[in-house]
Each structure stands twice: as structure tokens, then as C-alpha cells.
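To start, the structure itself, in C-alpha cells.
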Amino acid sequence: KKMAAKSASFVAASSQFLSRANSAPLNIDDSSCTIEFWFKSPRTNSGIIMAKDDESDGRNYSFYFDHTTGKFGVQFAGNAESYNSTALTADTWYHIALTCNGSTGQYYLNGATDGTGSFAAWTPGTGPTTLGSRSYSGGEGFITCELSNVRIWNVVRTVTEIANNR
């Protein structure tokens with residue numbers, strides 16, 4: 001079931017980000033989920049693409065971009081990070097997706113598999129969902145990027161579904 005969709009542009013120097021108060025449709029957990037979006041960055045700074053904060057420990061999950069490596073990654077419940085395999089080129093649109101099924105994650109880039117990760121268990125937090133930063137401590141990890149067609153699903157989408165719905 002499709003949960004939510006948004007589109008936006010962010011400029012890190014302006015501390016721009018979007019925040020949506022805690023909402024049941026955005027409370028995905030580690031049992032099964034898919035996060036996907038279109039992403040373009042000038043690779044001028046690293047930062048948070050999307051996050052769901054938990055009021056108790058500051059993190060539920062954060063999806064981020066590392067401008068020095070050109071790779072995107074995810075961190076769940078404040079535990080170890082995991083990265084995709086392919087470096088992204090500046091100022092190019094990419095369709096990025098991550099599926100989670102328990103402690104296993106699969107990255108997709110433009111509809112093709114692009115790495116795997118192992119994640120610690122997590123449950124939905126009570127804080128807001130943000131795009132372009134994290135809301136914890138008043139906002140941090142601002143990123144300069146463009147995002148489009150952000151989708152959060154409470155199911156593990158197949159590679160065919162991801163490739164066909166880019």
C-alpha cells in the first residue's frame with residue numbers, strides 16, 4: 001500500500017527542510033517497507049535526504065547522501081550505516097529505492113539492484129518525518145538537493161515494481 005508522496009528542492013545554506021508531524025501512515029518498521037524517490041545533488045555537501053526521528057533517542061532512520069563518495073546510505077535506530085555501491089554524478093537525476101525485510105535491506109539505483117545492507121531492528125518512532133534534514137535538536141544535516149516523487153510503502157516492493165514505477 002502506498003503511504004505518502006511529496007516533492008521539493010532544498011538549499012543547505014538556507015537551512016531548508018520539510019517536516020511532517022508524526023503520522024501513522026509514515027510509521028514504517030523493519031518488518032517490511034520500501035522508501036523510494038528521485039534525487040539530484042550538485043555534490044556540494046553531505047546531508048540528510050530523509051529521516052524519521054524518535055523523540056526518545058533522536059533517530060528511527062535516516063537516509064543520507066555523502067558528497068565525498070557520491071553514495072547514499074541509511075542508518076536505522078542509530079546503529080551502523082550501510083551504503084549503496086555506485087557513486088552518483090553531480091547534477092544528474094537518479095531514482096533511488098531501499099527495501100527492508102527484517103534485518104536485510106536492498107538498494108536500487110534507476111531500477112537496478114545496487115547493494116545490500118544489514119540493519120538492526122527498529123520500530124516506528126513518535127517524532128516527525130523530515131525531508132532535507134533531521135528535526136532532532138532543531139534540525140541538522142541540511143542538504144542541497146532536489147527530491148521528487150518521494151514514496152514510503154509498508155510493503156517490500158519487487159525489483160520489477162520498482163523498475164516499472166520509476
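With rounding to the nearest 0.5 Å, the separation of CD in E36 from CD in E161 is 9.5 Å. Note that NZ of K40 is 12.5 Å distant from OG1 of T89, once rounded to the nearest 0.5 Å. Taken to the nearest 0.5 Å, the CD1 atom of I152 stands 9.5 Å off from the OG atom of S23. A distance of 13.0 Å separates CE of M50 from OG of S133, quoted to the nearest 0.5 Å. Atoms CG and CG, on L109 and L98 in that order, are 12.5 Å from each other to the nearest 0.5 Å. Rounding to the nearest 0.5 Å places OG1 of T34 at 11.0 Å from CZ of R151.
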Q. Going through the checks in order, is the side chain to side chain contact (heavy atoms under 4.5 Å, CB included) test met by V150 and L147?
A. CA-CA 7 Å; V150 176; L147 293 175; 4.3 Å; yes

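Contact of the N45 side chain with the F142 side chain is not registered, since no non-hydrogen atoms from C-beta on lie closer than 4.5 Å. Taking 4.5 Å as the limit, every side-chain heavy atom of T99 sits out of range of all side-chain heavy atoms of T158. You'll find the side chain of W153 stays beyond 4.5 Å of the side chain of S32, heavy atoms only. Side-chain atoms of I143 and F65, non-hydrogen and from C-beta on, do get closer than 4.5 Å to each other. In this structure, K52 and N22 have side chains that are in contact, with non-hydrogen atoms separated by less than 4.5 Å.
When atom types are taken as modelled, the side chain of S46 and the backbone of H67 share a donor-acceptor pair closer than 3.5 angstrom.
There is no path of hydrophobic side-chain contacts, each under 4.5 Å, that joins I162 to I96. Note on Y94 and I49: same hydrophobic cluster, where clusters join Ile, Leu, Val, Met, Phe, Trp and Tyr whose side-chain heavy atoms are under 4.5 Å apart, directly or indirectly.
Residues N84 and K71 approach most closely at OD1-CB, 3.2 Å, considering heavy atoms. The heavy-atom pair separating Y108 from T113 by the smallest distance is CE2-CG2, 3.5 Å. Looking at every heavy atom in both residues, P42 comes nearest to T144 through CD-O, 3.5 Å. In terms of heavy atoms, V156 sits closest to C33 at CG2-N, 3.9 Å. Considering every non-hydrogen atom in both S85 and G115, the closest pair reads OG-CA, 3.6 Å. Of all heavy-atom pairs spanning G111 and A163, the tightest one is O-CB, 3.8 Å.
Evaluation of the side chain to side chain donor-acceptor pair (under 3.5 Å) rule for T160 yields no partner, not counting sequence neighbours. Scored by the side chain to side chain donor-acceptor pair (under 3.5 Å) test, T86 finds D114 as partners (sequence neighbours excluded).
Looking at F72, Y83, F39 one by one, the single match for ring-ring contact (aromatic ring centres under 6.0 Å, His included) with Y64 turns out to be Y83.
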